[in-house]
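Each chain gets a letter, A, B and so on, in the order the sequences are listed, and its residues count up from 1. If you're wondering where the values come from, they're calculated on a predicted model, not measured in any experiment. The figures here come from the full heavy-atom set of this structure, side chains too, leaving out hydrogens, waters and symmetry mates.
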Amino acid sequence: MKRLLTSTALLAALALPATAQEYTADPNAKAGGGIVVTYKDDVATLDPAIGYDWQNWSMIKSLFDGLMDYVPGTTELRPGLAESYEISDDGMTFTFKLRSGVTFHNGREMTADDVKYSLDRVTNPVTQSPGAGFFGSIAGYDAMSDGSATSLSGVEVVDPMTVKITLSRPDATFLHVMALNFASVVPKEAVEAAGDDFGKQPVGTGAFKLAEWTLGQRLVFEKNADYWRDGVPYLDTVTFEVGQEPIVALLRLQNGEVDVPGDGIPPAKFVEVMSDPEQAARVVEGGQLHTGYITINVNTPPLDNVNVRKAINMAINKDRITQIINGRAVPATQPLPPSMPGYTEGYAGYPFDPDGAKALLAEAGLADGFETELYVMNTDPNPRIAQAIQQDLSNIGIKASIQSLAQANVIEAGGTGTAQMIWSGGMAWIADFPDPSNFYGPILGCDGTVEGGWNWSKYCNEALDAMAVEADSITDPAMAGDRMAKWSDVYMGVMADAPWVPVFNEQRYTMKSARMGGADALYVDPVSIPVNYDYVYVTE
Amino acid sequence: MTAYLIRRLVQAVLILLGVSLITFFLLYALPADPVRQIAGRSATAETVENIRRQLGLDQPFVVQYWRYLTGLVQGDLGRSYLQKTDVSTLIAARLPATLLLMAGAIFCELMLGLTMGIIAALRRGTTTDNALMITSFIGVSAPQFVVGLLLLYVFAVKLGWFPIGGYGTFAHMVLPSITLGILGSGWYSRMMRSSMIDVLRQDYIRTARAKGLSRRRILLRHALPNAILPIVAMIGIDIGIFMGGIVVVESVFGWPGIGQLAWQAIQRVDIPIIMGVTLVSACAIVLGNLLADVVTPFIDPRIRVR
């Protein structure tokens with residue numbers, strides 16, 4: 001079903017106003033009460049232009065809104081602060097009609113000027129937004145980026161309730177971009193008053209507002225009584241307690257002190273939790289847009305030989321690796337996860353065939369194998385997975401030594417290209433939005449091969465890059481099927497060159513307390529991890 | 001005394017300068033790019049370079065270090081790369097928790113260590129003595145994260161006597177203080193034992209006994225004050241040992257102190273925080289040692305500073 005999502009979203013774009021995809025409220029939902037969510041690490045920032053880790057992503061989502069949004073628990077786009085939108089026939093101009101009567105937490109009404117200010121802010125290099133590049137298709141982005149302009153020429157305030165955004169190139173993913181946190185609407189006066197500390201004093205239009213932030217201890221979100229969506233949020237407060245080890249968080253949950261352990265179930269405790277029916281009943285399982293993979297540096301011999309890379313693909317026993325993580329994943333056949341549009345159904349990937357792999361190596365003149373290095377992040381279960389990979393490789397004669405390092409060091413080794421092979425666990429790609437293009441550019445495209453880039457295979461196939469650009473130029477919703485077919489071809493092209501071994505697609509497991517209510521989908525919401533705070537509720 | 005203090009303070013400044021230089025250099029030489037951590041995985045090459053320039057990380061080492069030093073003398077510890085907040089604010093918010101934990105740990109190690117040491121000394125050569133010394137040996141050797149988790153599991157989860165981690169009330173303080181104090185209590189019990197045995201052999205103790213003082217009075221009035229002297233000097237040095245322990249203990253118990261802050265910063269290459277916590281810890285160690293040296297002459301008039 002998810003295969004159709006992007007196309008339905010684009011189709012819906014034609015209907016004005018788009019109401020067909022609204023969320024149906026949970027009839028059992030009760031307003032009131034509060035929940036406690038724990039995290040190990042401090043919350044870095046709540047500035048929507050800056051925050052870009054999976055911990056603050058969902059928190060920012062509840063404090064701010066953008067023009068676009070997703071139907072809770074799904075990857076289906078719906079209008080947010082925009083009441084409706086219109087796309088020009090050439091797909092180059094988006095006109096958003098804003099909702100009237102939406103107020104910021106400071107009481108002021110949100111207008112088109114705020115939308116323009118917010119987009120100017122996120123693309124201004126002074127803001128140092130990690131998401132600035134997502135807005136690259138808006139006209140005037142380049143001038144912002146090189147500092148020659150302080151305002152995006154492509155964003156125009158037509159009247160206080162209408163914003164017109166003109167693109168410099170067709171971008172089929174633009175509505176998804178407008179649903180990213182980076183596109184959240186912020187009030188200029190609050191940003192300027194807070195100066196550098198807006199991330200600690202956030203003011204948005206979201207379902208919750210920040211009531212308390214005690215550094216290193218807790219944050220309290222309080223219900224925004226004037227929230228523009230009727231009936232939500234249900235909870236009066238959400239308390240985030242930081243500095244809690246996952247294992248301690250689990251003990252506290254069992255003790256009834258915690259409602260959601262934000263860092264999930266610790267791997268060492270997973271089997272114990274799942275084998276206890278009472279606890280397992282409170283675990284919600286769902287897919288996520290994630291792929292764990294091994295990168296193979298195509299610039300370093302003998303890995304520059306495609307047959308060697310294919311041999312490595314055939315040597316890896318993905319089922320066994322999946323078992324190592326207690327079956328918390330499904331073996332992968334290709335870069336895209338199965339729930340992503342553009343996924344190639346029926347493609348089985350490289351088979352697990354050590355003998356075939358050995359034959360390929362022999363063909364490449366490496367019958368005796370060779371020595372290489374495998375980099376891995378040093379947190380459980382990644383070193384164990386690396387050992388399994390090492391063993392699989394040794395079965396076909398490849399002697400890989402494991403370099404188990406801190407995350408930042410592995411990322412550095414990948415970016416500079418010194419790592420021959422990297423197991424991506426702990427740093428693997430999770431999509432920013434449900435579109436196949438999001439799995440390509442930075443990690444498989446030529447742009448990502450620059451020094452420090454995330455394309456750790458240093459794989460650059462210009463023909464596929466051209467195809468990717470072509471695919472994203474198809475903005476006609478009626479042609480969405482063609483676009484997905486093209487993306488499918490791009491990824492099949494990648495598989496033919498074998499710069500990666502796609503190993504598995506991780507499943508998500510969210511544990512909750514017995515008193516928490518709401519549809520399961522809200523607990524594995526693809527956009528809000530771990531849960532969608534705006535729509536969950538407590539039953540007592 | 002004044003000249004001595006001035007000399008020690010100058011030494012302290014030089015030590016801190018050395019610590020800052022070495023730490024700064026190590027972090028500079030680290031094979032991990034902080035800008036990549038800030039910019040995230042979707043950033044374009046321009047965004048990365050722009051951030052690098054704005055943070056001054058494109059400058060040579062000497063320039064970066066000089067900038068840091070000039071900020072430092074004005075009391076500016078810089079801004080956290082990822083938390084986007086002044087490091088001094090972050091440390092100030094967490095320092096009280098760490099100091100509280102240290103005070104609790106010092107109390108625990110003194111209570112446990114001295115009691116064990118005195119009993120062992122008085123019962124020298126007996127099974128009690130042996131048992132206590134083995135216990136202290138275990139205390140010195142046990143890894144703190146194991147002790148912490150064990151205490152947490154038994155006394156908080158199973159028995160429910162204490163809260164499972166966290167911060168706020170006296171009850172929250174007990175388990176982390178014990179965990180942090182156990183290591184020192186092992187040392188102290190051994191030191192106290194030998195120091196006490198030594199003192200009990202002295203002539204003045206025999207004299208006291210000969211003039212018919214009660215055993216209790218001999219112990220409390222004559223033996224203990226003398227035996228405890230070397231321990232006092234240790235407490236200052238202890239602060240340094242604690243600085244290592246708090247990283248582990250604070251993480252296990254979710255104690256919002258600077259050790260936890262440092263641990264998070266190390267994982268994310270947040271250099272200004274790592275620098276800040278290192279310097280604050282170095283300050284604490286230097287001051288602790290200084291304090292020990294300055295206080296000792298007051299307790300023991302035989303020792304003079306020159």
Side-chain angles (χ1 to χ4, degrees), chain A residues 38 40-45 47 50 52-53 125-126 128-134 136 145-147 196-200 214-217 241-245 247-249 251-252 254-255 257 405-413 415-416 427 429 432 438 441-443 447 450-454, chain B residues 30-51 53-55 79-86 89-90 92-94 97 149 152-153 156-157 160 163-168 250-258 260-261 263-270:
Chain A
T38 61
K40 180 165 73 66
D41 288 336
D42 273 327
V43 174
T45 173
D47 184 338
I50 309 285
Y52 193 33
D53 57 56
V126 175
Q128 299 183 13
S129 171
F134 284 114
S145 183
D146 64 27
D196 285 338
D197 286 329
F198 186 64
K200 291 274 186 290
T214 308
L215 283 176
Q217 296 183 40
E241 293 187 4
V242 298
Q244 311 262 325
E245 284 293 310
I247 189 113
V248 174
L251 292 171
R252 294 186 62 207
Q254 290 162 346
N255 214 23
E257 297 169 26
L405 303 170
Q407 185 189 48
N409 303 89
V410 180
I411 291 173
E412 183 74 5
T416 53
M427 306 156 292
W429 201 258
D432 298 295
N438 192 242
I443 42 178
D447 286 350
V450 294
E451 164 107 19
W454 280 73
Chain B
L30 201 70
D33 184 357
V35 179
R36 280 278 147 197
Q37 294 278 311
I38 305 163
R41 59 202 184 119
S42 295
T44 55
E46 300 129 53
T47 310
V48 171
E49 283 324 302
N50 162 46
I51 293 176
R53 206 174 44 247
Q54 288 190 40
L55 294 176
R79 269 176 90 76
S80 157
Y81 291 160
L82 295 163
Q83 300 209 36
K84 313 276 176 195
T85 310
D86 287 334
T89 313
L90 290 170
R94 286 169 168 272
L149 282 177
L152 202 61
Y153 186 73
V157 178
I164 309 172
Y167 176 73
E250 288 184 355
S251 293
V252 170
F253 289 95
W255 190 266
I258 59 170
Q260 206 186 43
L261 183 70
W263 177 232
Q264 290 180 17
I266 289 166
Q267 288 170 315
R268 304 196 229 170
V269 209
D270 202 334

Quiz item: Is it the side chain or the backbone of A:Ile411 that comes within 4.5 Å of chain B heavy atoms, both, or neither?
Solution: side chain

Quiz item: Non-hydrogen atoms of chain B under 4.5 Å away: do they reach the side chain of A:Phe134, the backbone, both or neither?
Solution: side chain

Exercise. Kindly compute the distance separating CG (A:Asp53) from CG (B:Leu82), expressed to the nearest 0.5 Å.
Key: 8.5 Å

Quiz prompt | Per-residue contact mode, A:Ile443 against chain B (heavy atom under 4.5 angstrom) | solution = neither

Quiz prompt | Pick from A:Gly133, A:Gly131, A:Ala408 with the largest number of heavy-atom pairs that fall under 4.5 Å of chain B | solution = A:Ala408

Quiz item: Which bit of B:Asn50 is near chain A, if near means a heavy-atom gap under 4.5 Å: side chain, backbone, both or neither?
Solution: side chain

Exercise. Flag the pair A:Asp47 / B:Lys84 as yes when at least one side-chain heavy-atom distance between them is below 4.5 Å, and no otherwise.
Key: no

Quiz item: Given the options B:Thr85, B:Thr44, B:Thr47, which has more heavy-atom pairs under 4.5 Å with chain A than any of the others?
Solution: B:Thr85

Quiz item: A:Pro442 versus chain B, heavy atoms under 4.5 Å apart: side chain, backbone, both or neither?
Solution: side chain

Practice problem: Might you work through the side chain to side chain contact (heavy atoms under 4.5 Å, CB included) test for B:Gln83 and A:Lys200, ending with a clear yes or no? | Solution: CA-CA 9 Å; B:Gln83 300 209 36; A:Lys200 291 274 186 290; 4.2 Å; yes

Practice problem: Against chain A, label B:Thr89 side chain, backbone, both or neither, depending on which of its atoms sit under 4.5 Å from a heavy atom there. | Solution: both

Quiz prompt | Structural part of B:Val252 lying under 4.5 Å from a heavy atom of chain A | solution = backbone

Self-check item: Winner by heavy-atom pair count (cut-off under 4.5 Å) against chain A, out of B:Gly40, B:Pro256, B:Gly165, B:Ala156
Solution: B:Pro256

Exercise. Indicate yes or no: does B:Arg268 engage A:Asp42 in a salt bridge with an N to O separation below 4.0 Å.
Key: no

Practice problem: For the pair A:Glu412 (side chain) and B:Asp33 (backbone), establish whether a donor and an acceptor sit closer than 3.5 Å, ignoring hydrogens and angles. | Solution: yes

Practice problem: Please flag which part of B:Ser251 lies under 4.5 Å from any non-hydrogen atom of chain A: side chain, backbone, both or neither. | Solution: both

Quiz prompt | Which portion of A:Asn255 sits near chain B, non-hydrogen atoms under 4.5 angstrom | solution = side chain

Self-check item: Whether B:Arg36 side chain and A:Gly452 backbone form a donor-acceptor pair below 3.5 Å
Solution: yes

Quiz item: At a heavy-atom separation under 4.5 Å, does B:Ile266 approach chain A through its side chain, its backbone, both, or neither?
Solution: neither

Practice problem: Pick one of side chain, backbone, both or neither for B:Ile164, based on which atoms fall under 4.5 Å of a heavy atom in chain A. | Solution: both

Quiz item: Looking at A:Ala44, A:Ala132, A:Ser145, which makes the most heavy-atom pairs under 4.5 Å with chain B?
Solution: A:Ala44

Quiz item: Between B:Glu250, B:Arg79, B:Gln267, B:Gln260, which shows the greatest number of heavy-atom pairs under 4.5 Å with chain A?
Solution: B:Arg79

Practice problem: Tell me, for A:Thr38 versus chain B, whether the close heavy atoms (under 4.5 Å) come from the side chain, the backbone, both or neither. | Solution: neither

Quiz item: Do A:Glu241 and B:Tyr167 have side-chain heavy atoms sitting under 4.5 Å apart?
Solution: no

Quiz prompt | A:Val43 portion near chain B, given a 4.5 angstrom heavy-atom threshold | solution = backbone

Self-check item: Contacting region of A:Asn438 [heavy-atom separation from chain B under 4.5 Å]
Solution: neither

Self-check item: Choice from A:Gln217, A:Lys40, A:Gln244 maximising heavy atom contacts with chain B below 4.5 Å
Solution: A:Gln217

